[in-house]
Amino acid sequence: MEHTAPPAWVMLAYLISGVFFILALRGLSSPATSQRGNRFGMAGMLIAVVTTLVTHEVASLPEILGAIAIGGGIGWVTARKIAMTDMPQLVAAFHSLVGMAAVLVAAAAFLNPAAFGIAGEDGLINPVSRIEMGLGIAIGAITFSGSVIAFLKLAGKMSGAPILLPLRHIINLGTLAAILGLIGYFTVDQSPWIFWTVTALAFLIGFLLIIPIGGADMPVVVSMLNSYSGWAAAAMGFTLHNTAMIITGALVGSSGAILSYIMCKAMNRSFISVIAGGFGAEAAVSSGEAKEQRPWKRGSAEDAAYMMQQAESVIIVPGYGMAVAQAQHALREMADVLKKQGVSVKYAIHPVAGRMPGHMNVLLAEASVPYDEVFELEDINSEFAQADVAFIIGANDVVNPAAKTDKTSPIYGMPVFDVDKAKTVFFVKRSMGGVGYAGVDNDVFYMDQTMMLLADAKKMCEDIVKSLQH
Amino acid sequence: MDFITILSVFVMACFVGYYVVWSVTPALHTPLMAVTNAISSVIIVGALIAGAAGGSPTAKWLGLVAIALASVNIFGGFAVTARMLAMYKKKER
């Protein structure tokens, strides 16, 4: 069966679908236009699905609609029920599904090439299509197994500590070379064993690539897998000569790549060193060195309430600890009371706060914090020098001055908030023992103007609210 | 479409993606990931072709499973994005 070009209107429909996906992302340039953008995305998807169904002979429509209903139902219910703190896991789980779908589609194309219009006259698959589907199934499989590991780590079902196999770089590079070599050989020999070996090796390497990566680097991993899921879709788009899939694949692929870049930059880590893994394991060792006891001051909720009432401006620095303690609502309440008393309150968010890009912003939005009170690192960092109070809640590494001064620190070079310049610092923390992801001590604890508020973050905010209202 | 035409579309789309994604405000990076998740499930197009075709029963079933998986993502991804975006509010003045 020769590949015949579909009618012009079909190509136009897929093009429109692709353009709608671009508009969906374009809408996200501001919260005001974002919801309309999302609707463009839905419309684009509807166009793509309907166009495909009406231009192909459908052997059994009920089965297809049944599959959509089952999957759609599960997805819809999950989306309604999921807690915002669990978004990183959900996104990782969704990535794994895209990866698996790509694997299944590529496998189906291999088993029934005629249906996909990629078979030559001799019944064999076109060599170019073989490369495309080989890449598609490989990227899909890597996305799947990598995302499953990321999901398990993020959901706490597996330790976030890096698992370091001996010779892992050699094993990984060898596997990767084998995959590429086999895909190359696949163009001259269309034997099923090659195809399935590529698939198996790709599942394996996805797993091997993610297990050595520690919890601190998870935001990069999630972004990277986001990118992979896009490239998988693009590879299948090449196989199917489908514009909508290619445009989408390129969009999602670049999106994930850019997010990975932003995350790496915010941690001052190179992409290669993240992928090589092991961060967090080494740091845990170095923090075991002899620790001198340094004096620090403990504050109470009443102290914090009093100082913040007197203040003109308070900058809140939230971190993942706030999310773990589910303190965002209590925190917003505290900010509301302060604002009523004439205090200016702003939130400062570090790009790597939380477990995925923008995670803190969503949590604050959920707690009804207006987005125009929430600022990014570079926009607010200069304001700490004028701030009366820096209120750090559940963050640690992102306020550690060692990143600016201590060349031996594992977080050296990472951009951090200048909280040490604020007149008073309140540091909400569960205990003095625990340290951040990077496992390094923080000089902010021991500064003259710092008071440690040692308590559960949510409880502390509630207590401060009580004192404020007296 | 020949390979070069498709490649051109792909390369241009990469550039569009680059500029569009840089213009996304960092506050919306989580919704960005959720929505890119949803749209990358456009892979359902391939799943539908496999699920609709006669010929190979195995391929058909692989297609149907892929349709279900992609649908989880499409409905879940767009719904969770919509849920998140609805939470972003401006200050009441």
Side-chain angles (χ1 to χ4, degrees), chain A residues 21 25-26 28-29 31 34-35 38 41-42 48 52 56 58-59 64 67-68 70-72 74-76 78-79 91 94 97-98 100-102 104-105 107-108 111-112 115 226 229-230 233 236 240-241 244-248 250-252 254-255 258 357-359 361-362 365-366 370-372 376, chain B residues 1 3 6 9-10 13-14 16-18 20-21 23-24 26-30 32-33 35-37 39-43 45-56 58-59 62-76 78-82 84-85 87-91:
Chain A
F21 291 147
L25 299 199
R26 186 77 189 95
L28 291 173
S29 57
S34 59
Q35 283 174 294
N38 199 34
M42 295 182 207
T52 310
H56 288 83
V58 180
I64 290 179
I68 294 180
I70 294 171
I74 296 172
W76 201 79
T78 315
V91 166
F94 279 172
L97 297 182
V98 180
M100 197 39 148
L104 296 175
V105 172
L111 294 173
N112 191 3
N226 183 241
S229 68
M236 293 321 295
L240 300 179
H241 296 211
M245 283 168 85
I246 290 171
I247 294 179
T248 315
L251 287 179
V252 179
S254 6
S255 162
I258 290 173
H359 192 196
N361 303 77
V362 173
E366 186 195 16
Y371 62 79
D372 38 3
E376 304 301 319
Chain B
M1 279 195 286
F3 180 75
I6 303 173
V9 173
F10 177 70
C14 284
V16 171
Y18 179 86
V20 169
V21 172
S23 76
V24 171
L28 294 177
H29 276 162
T30 297
L32 170 68
M33 293 191 92
V35 83
T36 50
N37 227 310
I39 67 173
S40 60
S41 303
V42 73
I43 199 143
V45 167
L48 288 169
I49 295 174
S56 162
T58 323
L62 290 177
L64 288 176
V65 175
I67 293 172
L69 294 182
S71 302
V72 173
N73 242 317
I74 294 171
F75 284 79
F78 282 123
V80 86
T81 309
M84 281 191 278
L85 293 177
M87 299 189 303
Y88 283 81
K89 299 256 161 52
K90 249 189 134 104
K91 210 181 320 197

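Naming: A, B, ... by sequence-line order, numbering from 1 per chain.
- Between A/V98 and B/N37, some side-chain heavy-atom pair lies under the 4.5 Å cut-off.
- When all heavy atoms are compared, the tightest approach of A/L111 to B/A59 is CB-CB, 4.2 Å.
- A distance of 10.0 Å separates CZ of B/F75 from CE of A/M42, quoted to the nearest 0.5 Å.
- A distance-only check finds no donor-acceptor pair linking the side chain of B/S40 to the backbone of A/G230 [under 3.5 Å].
- Only the side chain of A/T52 comes within contact range of chain B, judged by heavy atoms closer than 4.5 Å.
- The closest donor-acceptor contact from the side chain of A/S255 to the backbone of B/V21 lies at 3.5 Å or more, if one exists at all.
- When all heavy atoms are compared, the tightest approach of B/V42 to A/A48 is CG2-CB, 4.1 Å.
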With side-chain contact (heavy atoms from CB on, under 4.5 Å) as the test, would you mind laying out the steps for B/I39 and A/V252 before giving the verdict?
CA-CA 8 Å; B/I39 67 173; A/V252 179; 3.9 Å; yes

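- The structure places CE of B/M87 at 10.5 Å from CG of A/N361, a figure rounded to the nearest 0.5 Å.
- Ranked by non-hydrogen atom pairs under 4.5 Å with chain B, the options A/A233, A/A107, A/S229, A/G72 are led by A/G72.
- Inter-residue side-chain proximity for A/Y371 and B/K90 is flagged as met; some heavy-atom pair is nearer than 4.5 Å.
- With chain A as the partner, the residue from B/G63, B/S56, B/G55, B/A53 showing the most heavy-atom pairs under 4.5 Å is B/S56.
- Across all their heavy atoms, B/L28 and A/P31 have their closest contact at CD1-N, 3.7 Å.
- If you measure heavy-atom distances from A/H56 to chain B, the contacts under 4.5 Å come from the side chain alone.
- In this structure, B/I67 and A/I68 have side chains that are in contact, with non-hydrogen atoms separated by less than 4.5 Å.
- Residue contact with chain B, scored on non-hydrogen atoms closer than 4.5 Å, involves the backbone and the side chain of A/E366 alike.
- Checked by atom type and distance alone, the side chain of A/N38 pairs as donor or acceptor with a backbone atom of B/F78 at under 3.5 Å.
- Heavy atoms of A/M236 lying under 4.5 Å from chain B belong exclusively to its side chain.
- Nearest approach of B/A13 to A/A250, heavy atoms of both residues: CB-CB, 3.5 Å.
- Taking B/I74, B/V35, B/V80, B/V16 one by one and counting their heavy-atom pairs under 4.5 Å with chain A, the maximum is reached by B/V80.
- With a 4.5 Å cut-off on side-chain heavy atoms, A/I70 and B/S71 do not count as touching.
- When each of A/I247, A/L251, A/L25, A/T78 is scored by its heavy-atom pairs under 4.5 Å with chain B, the top score falls to A/L25.
- B/N73 places a side-chain N or O within donor-acceptor distance of the main-chain N or O of A/F94, the cut-off being under 3.5 Å.
- The closest donor-acceptor contact from the side chain of A/S29 to the backbone of B/V24 lies at 3.5 Å or more, if one exists at all.
- Atoms CD1 and CG, on B/I43 and A/L97 in that order, are 12.0 Å from each other to the nearest 0.5 Å.
- Summarising the geometry of A/G358 relative to B/H29, their closest heavy-atom pair is N-CB, 4.0 Å, with the distance given to 0.1 Å.
- The greatest number of non-hydrogen atom pairs below 4.5 Å with chain A, out of B/L64, B/V65, B/V9, B/T58, is found for B/L64.
- The heavy-atom pair separating B/T30 from A/H359 by the smallest distance is OG1-N, 3.1 Å.
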